[in-house]
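Shown next, in structure tokens, is the structure this report addresses.
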Amino acid sequence: MDKFQNFSLDGVFLFGKFSYENARQIAVKCEFFTTDSGEDELVDSDPKSCYNCLFRRWSKESFECLKLR
């Protein structure tokens with residue numbers, strides 16, 4: 001799964017807040033993935049998930065990857 005096919009040109013995850021499997025598959029292959037240091041910031045039970053990444057910023061509908069901007 002190519003991470004760039006899963007994000008808009010401005011780095012917004014195209015599948016929203018509840019596509020856990022996609023977020024996990026992308027994170028496994030991502031060279032920038034870093035687990036967020038705040039335990040209260042981890043939202044996926046699988047540690048390696050875009051939803052748990054230090055470089056994601058939540059929006060109303062999804063999140064933005066700061067490394068893809």
Side-chain angles (χ1 to χ4, degrees):
M1 176 174 287
D2 182 3
K3 66 183 170 188
F4 298 109
Q5 294 176 358
N6 298 290
F7 291 88
S8 68
L9 293 176
D10 55 350
V12 175
F13 185 59
L14 298 174
F15 301 102
K17 293 183 175 181
F18 303 104
S19 185
Y20 290 91
E21 191 57 38
N22 282 339
R24 293 169 185 160
Q25 290 175 7
I26 296 164
V28 166
K29 297 178 181 180
C30 182
E31 63 189 289
F32 304 116
F33 178 82
T34 303
T35 303
D36 199 312
S37 58
E39 192 171 305
D40 60 328
E41 296 293 326
L42 304 180
V43 297
D44 192 341
S45 61
D46 187 328
K48 192 137 189 185
S49 169
C50 291
Y51 294 146
N52 292 339
C53 186
L54 177 65
F55 302 112
R56 57 93 178 93
R57 293 296 175 266
W58 293 109
S59 66
K60 183 177 180 183
E61 300 296 324
S62 188
F63 70 89
E64 175 185 5
C65 177
L66 300 180
K67 291 292 186 174
L68 296 181
R69 287 203 250 166

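The figures here come from the full heavy-atom set of this structure, side chains too, leaving out hydrogens, waters and symmetry mates.
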> Yes or no on side chain to side chain contact (heavy atoms under 4.5 Å, CB included) for F7 and C65, after CA distance, side-chain angles and deciding distance?
Replying inline: CA-CA 8 Å; F7 291 88; C65 177; 3.9 Å; yes
> Can you check ring pair (Phe, Tyr, Trp, His ring centres under 6.0 Å) on W58 and F13, steps first, answer last?
Replying inline: CA-CA 10 Å; W58 293 109; F13 185 59; 9.1 Å; no
>> With a 4.5 Å cut-off on side-chain heavy-atom distances among I, L, V, M, F, W and Y, is there a chain of contacts connecting F63 to F18?
In response: yes
>> Would you say that T35 contacts L42 through its side chain, given a criterion of any heavy-atom pair below 4.5 Å between the two side chains?
In response: yes
>> Under a 3.5 Å distance rule, please check whether S59 uses its side chain to pair with a backbone N or O of R57 as donor and acceptor.
In response: no
> With distance as the sole test, does K48 use its side chain to make a donor-acceptor pair with the main-chain N or O of K29 at under 3.5 Å?
Replying inline: no
> Are any of the side-chain heavy atoms of V43 and N52 separated by less than 4.5 Å?
Replying inline: yes
>> Testing the basics here: between Y51 and G16, what is the closest heavy-atom pair and its distance to 0.1 Å?
In response: OH-O, 2.9 Å
>> Which residue is it: S45, S19, P47? I am looking for the one with a side-chain contact (heavy atoms from CB on, under 4.5 Å) to R24.
In response: S45
> Are Y20 and V12 co-members of a hydrophobic cluster defined by side-chain heavy atoms under 4.5 Å apart?
Replying inline: no
> Any link between L68 and F15 through a network of hydrophobic side chains (Ile, Leu, Val, Met, Phe, Trp, Tyr) touching at under 4.5 Å?
Replying inline: yes
> For D10 and R69, which heavy atoms make the closest approach, and how far apart are they?
Replying inline: O-CG, 3.9 Å
